[in-house]
Participant: 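One structure coming up, written as structure tokens, with questions to follow.
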Amino acid sequence: QVQLVESGGGLVQAGGSLRLSCAASERTFITVRMGWFRQVPGKERELVARMTWNGGSTYYADSVKGRFTISRDNAENTVYLQMNSLKSEDTAVYYCQALMKSSRFSVPNTYWGTGTQVTVSS
């Protein structure tokens, strides 16, 4: 079973920066893509950014383009989210998501981290 371990959340003033990390515990699995979602109380979880492992193509939500950067460390099966110019509306619980499969021909499964709180004070 794959576990995703997140770190890097916290409290920051508006305009500041934070870097989130998410490491997948199972190194033998094949990673298809990893990404970050966020959720605030009363709202649906929304996709913030994601990256494919093969090729490194990226997607960003319009609300974070130009401020957030997703990157990866293939060897460590880790994905990062560098968040700059943070705004109060970025306050949320951030969840790591990974799409991984146990072998080349298996069907990939989706795994979630437990979430890390990001609070941006204005």
Side-chain angles (χ1 to χ4, degrees):
Q1 181 70 12
V2 175
Q3 290 186 330
L4 302 179
V5 180
E6 300 143 329
S7 62
L11 173 65
V12 65
Q13 288 188 333
S17 299
L18 282 175
R19 188 192 194 209
L20 305 182
S21 300
C22 173
S25 62
E26 185 52 68
R27 303 282 181 90
T28 63
F29 276 40
I30 299 169
T31 302
V32 177
R33 68 170 183 252
M34 292 182 76
W36 294 92
F37 285 70
R38 66 187 181 188
Q39 189 171 25
V40 297
K43 291 191 176 181
E44 291 188 358
R45 193 172 295 188
E46 64 169 353
L47 174 62
V48 176
R50 66 184 179 198
M51 171 178 272
T52 61
W53 240 237
N54 186 13
S57 62
T58 58
Y59 166 86
Y60 293 95
D62 288 342
S63 59
V64 305
K65 281 182 182 176
R67 300 188 298 122
F68 291 11
T69 303
I70 190 169
S71 61
R72 72 189 193 278
D73 183 331
N74 288 34
E76 297 296 325
N77 236 9
T78 299
V79 68
Y80 304 96
L81 186 67
Q82 177 67 42
M83 305 185 293
N84 298 329
S85 303
L86 282 161
K87 305 175 182 179
S88 57
E89 50 262 45
D90 294 317
T91 295
V93 177
Y94 284 70
Y95 295 91
C96 177
Q97 184 206 56
L99 187 64
M100 303 177 72
K101 53 186 181 179
S102 58
S103 69
R104 181 180 176 185
F105 301 105
S106 63
V107 176
N109 289 316
T110 299
Y111 302 92
W112 289 94
T114 57
T116 183
Q117 177 70 46
V118 171
T119 302
V120 184
S121 63
S122 56

Participant: Give me the atom names and distance for the closest heavy-atom approach of Y60 to A49.
Facilitator: CD2-CB, 3.7 Å
Participant: With rounding to the nearest 0.5 Å, note down the distance linking CG in N77 to CH2 in W53.
Facilitator: 6.0 Å
Participant: Do Y94 and M83 touch side chain to side chain, with heavy atoms closer than 4.5 Å?
Facilitator: yes
Participant: For the residue pair E6 and C96, what are the closest heavy atoms and their distance?
Facilitator: OE2-N, 2.6 Å
Participant: Can we say D90 and K87 salt-bridge, meaning some charged N sits less than 4.0 Å from an Asp/Glu carboxylate O?
Facilitator: no
Participant: Measure up the W112 and Y95 rings against each other and bin them: parallel (under 30°), tilted (30 to 60°), perpendicular (over 60°).
Facilitator: perpendicular
Participant: When hydrophobic residues are tied together by side-chain contacts of less than 4.5 Å, even through go-betweens, does L4 share a cluster with M51?
Facilitator: yes
Participant: For a quick test of reading the model, state the closest non-hydrogen atom pair linking T31 to M34 and the distance between them.
Facilitator: CG2-CG, 3.7 Å
Participant: Tell me if the CD atom of Q3 is crowded by more than 12 foreign heavy atoms within 6.0 Å.
Facilitator: no
Participant: Please determine whether side chain to side chain contact (heavy atoms under 4.5 Å, CB included) holds for the pair V40 and T91, giving the CA-CA distance in whole Å, both sets of side-chain angles, and the decisive distance to 0.1 Å.
Facilitator: CA-CA 8 Å; V40 297; T91 295; 5.8 Å; no
Participant: Same cluster for V12 and F68 if Ile/Leu/Val/Met/Phe/Trp/Tyr side chains link at under 4.5 Å?
Facilitator: yes
Participant: Minimum heavy-atom separation for A75 to R27, with atom names?
Facilitator: O-NH1, 3.9 Å
Participant: So, the side chain of R33 versus the backbone of R50: is there a donor-acceptor pair under 3.5 Å, distance only?
Facilitator: no
Participant: Just how far is it from atom CG of L81 to atom OG1 of T69, taken to the nearest 0.5 Å?
Facilitator: 8.0 Å
Participant: Could you state the interatomic distance from NZ (K65) to OH (Y59), rounded to the nearest 0.5 Å?
Facilitator: 7.0 Å
Participant: Flag yes if more than 12 heavy atoms outside N54 fall under 6.0 Å of its CG atom; otherwise flag no.
Facilitator: no
Participant: Quick one: does E89's side chain get under 4.5 Å of V120's, heavy atoms only?
Facilitator: no
Participant: Drop me the distance from S121's OG to L86's CG, to the nearest 0.5 angstrom.
Facilitator: 10.0 Å
Participant: Rounded to the nearest 0.5 Å, what's the gap from CD on Q82 to CG on L20? Could you check?
Facilitator: 9.0 Å
Participant: I need the minimum non-hydrogen distance between S17 and N84, along with the two atoms involved.
Facilitator: OG-OD1, 2.9 Å
Participant: Is there a side-chain contact between V64 and R38, using heavy atoms and a 4.5 Å cut-off?
Facilitator: yes
Participant: Got a donor-acceptor contact below 3.5 angstrom from the T52 side chain to the S57 backbone?
Facilitator: yes
Participant: Which heavy-atom pair separates R72 from G56 by the least distance, and what is that distance?
Facilitator: NH1-CA, 3.3 Å
Participant: Test of understanding: clusters of I, L, V, M, F, W, Y form through side-chain heavy atoms closer than 4.5 Å, transitively. Do V48 and I70 belong to the same one?
Facilitator: yes
Participant: For residues F37 and V93, determine if any side-chain heavy atom of one lies less than 4.5 Å from a side-chain heavy atom of the other.
Facilitator: no
Participant: With rounding to the nearest 0.5 Å, note down the distance linking CG in L99 to CD1 in I30.
Facilitator: 11.5 Å
